[in-house]
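In what follows, every chain begins at residue 1, and chains take the letters A, B, ... in the order their sequences are listed.
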Amino acid sequence: MKKPYFLSLTIPYVNASPHIGYALEAVQGDAMARYQRLCGKDVFFVFGTDENSLKNVQAAQKAGKPVQEFVDEHAEAFRELETILDLSNTHFIRTTEQRHVDGSQKLWNLCKKEDIYKKAYRGLYCVGCEIFYAPEELENGLCPEHQTRPDVVEEENYFFRLSSYQKELKQIIGDGLIKVYPDSRKNEMLALIDKGLEDFSISRSLERAHGWGIPVPGDPSQIMYVWFDALTNYLTALDFHKEQSSPYTSYWVQPGEEKREVIHVLGKGVARFHLVYWLGMLLSAGLQLPTSEFIHGYITVDGQKMSKSLNNVIHPKKLVETYGIDAVRYYFLGAISAYQDGDFSDVRFREIYTSHLVNGVGNLTSRILSMIEKYQNNLIPHKADDLFDTVGFWKKYQEAIERFAFHDVVHNIQTLVTALDTTISEEKPWELVRKGQPVEALFYRLSEGLRHLALALLPIMPQTAENILVQLGLDPKKMDVLSVEKEWGRLEPGTRIQRAEEVLFPRLTS
RNA sequence: CGCGGGGUGGAGCAGCCAGGCAGCUCAUCGGGCCCAUAACCCGAAGGUCGCGGGUUCGAAUCCCGCCCCCGCAACCA
């Protein structure tokens, strides 16, 4: 039986169309999911949409549409990322689904009674924005958006007693019971916990929420506020609401499994909610915790933060239309550090596209295949030993990808590309052929090396990788697990290559 | 004294936690090759590793102080 592996992305608000920041997370999560699947695991990979927020209500009003209609349309735009970015997610969750409503209420009810209590919440509220402001956010005491004086509003809300879990959370994160990538985020969270955790509000009045959202169990005057209605998607996607066996049982609980694997992928902005609030909620409910959390940085555009006011927001759909899915995936995974903020610029994108993909992977593939075609009559010659230390290559590759260091993974792949290119230049097969000297061993090494390259590219650029495998005369559908495929010599002599007409990455014209 | 991240050849970054020849990608210059998508390979130039001090045989790396940039600043995801 395959080992279960759960991986989630965060769920974005649907009040705007998806930008490349979300695409970064989606591609990173997808690369990991594909890698784990390659390792033979049974991967439950979910993403979805956060539709309960007041922000969505406001956006719908602005668009002059009923809220449900509005979120339906926008959820679809996010779901489109599946095809736009070639995501391999197995599930999709919308927080307006009934199973999510049921599951969220179930989690609320499971929390210890003493952890949820009512308290007066008081704050500065702007009627125009319909949000509360912290005093320091105001400009001369006025709402920065509307230039009006916010009202002092007080209402009864439910609060979650996070303060009770301070010690436990510190231990869980500090002792590495939950692995946090990268380390710097772990330290940041520990520092945050050390400063003291305050209880947080988990509901809003029905009125203030415009009646939109999930009702608090047993109190119809209150609507759940973000934490219990959004973070819970990780459970409800697994049909947590069901009493009997469900994906929740097999992927989250995994009875009898020694080493559970439950992974959240998220952005730095929501780290504290996932590593503090969410864990606190799970602890209170007596449920098992995730096992790792990977926290990526944000994307800037030409060195600046993406924002509507700067009008520099980039949408993945357009990017993919221009450069192709795999080029976009490659940039996000290889040209940006997985652990820090990264920059996107058109100039750099084109630079990477040309040097790494056109001149690198693409050119190398046609180089090798055309020689097999020309000099070996399209047939893979007899086997020869490994010239490229693929054992060492895979060791580094796996070590890097398992800590989500996709930039290292891609760098490793580039090194293999260079090694293959260098070998060709040094061995000069065309010269050997002219002189009538043996070339079979060299061609086997090159084509088997190319197979390893394609294998390594599967999580990064799935379409390109499969394309190369097909050209090598292999069937990507009939692949074995990575531990078997990464052995040298899997490419059988006599295999007929199927060289494609089109080039892998066309050169940019302008 | 709020928190975090960053400041490394022209550009973008790795290296720092566990001190030991300053590395990668791109760009530039010179050479080679002709299998390949005018691609590829080799070589060269280019850096006071933000600044000042300290520890050490030895510091980009550890310690102290300072400057600059970017996020976040807690019921605002």
| field | Nucleic acid contacts of residues 394-403 of chain A, taken as heavy-atom distances under 4.0 Å to RNA chain B | value |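 RNA chain B contact set from residues 394-403 of chain A: none.
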| query | Got a sec? Which of residues 423-438 of chain A come in under 4.0 Å of RNA chain B, heavy atoms? | reply |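 By residue number: A/Ile424, A/Ser425, A/Trp430, A/Arg434.
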| Any residue meeting side-chain hydrogen bond (donor to acceptor under 3.5 Å, both in side chains) with A/Asp343, in chain and number order, not counting sequence neighbours |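 Residues passing side-chain hydrogen bond (donor to acceptor under 3.5 Å, both in side chains) with A/Asp343: A/Thr300.
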Residues which pass ring-ring contact (aromatic ring centres under 6.0 Å, His included) with [X], listed by chain and number, not counting sequence neighbours:
X	value
A/Tyr331	A/Phe344, A/Phe349
A/His100	none
A/Phe273	A/Trp227, A/Tyr277
A/His407	A/Tyr339

| said: Filter on ring pair (Phe, Tyr, Trp, His ring centres under 6.0 Å), then keep only pairs touching residues 177-199 of chain A, sequence neighbours left out; what's left? | reply: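 For residues 177-199 of chain A: A/Tyr181-A/Phe404.
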Give the table of side-chain donor-acceptor pairs shorter than 3.5 Å for residues 17-24 of chain A, with sequence neighbours excluded, one pair per line with atom names and distance.
from	atom 1	to	atom 2	distance (Å)
A/His19	ND1	A/Gly21	N	2.9
A/Tyr22	OH	A/Thr10	O	2.7

| What pairs of residues pass the salt bridge (Lys or Arg N to Asp or Glu O under 4.0 Å) test when at least one of them lies in residues 351-372 of chain A, not counting sequence neighbours? |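 As it turns out, the salt bridge (Lys or Arg N to Asp or Glu O under 4.0 Å) pairs with a partner in residues 351-372 of chain A, which skip direct neighbours, are A/Arg367-A/Asp421.
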| query | With Watson-Crick and G-U wobble geometry limited to distances under 3.5 Å, how should the secondary structure of RNA chain B be encoded in dot-bracket form, using | for bases paired to another strand and [ ] for crossing pairs? | reply | .(((((((.[[[[.)....(..]]]].(((((.......))))).....[[[[[..)....]]]]])))))).....
Protein-nucleotides 12-19 of chain B N/O pairs under 3.5 Å:
from	atom 1	to	atom 2	distance (Å)
B/A14	OP1	A/Gln340	OE1	2.8

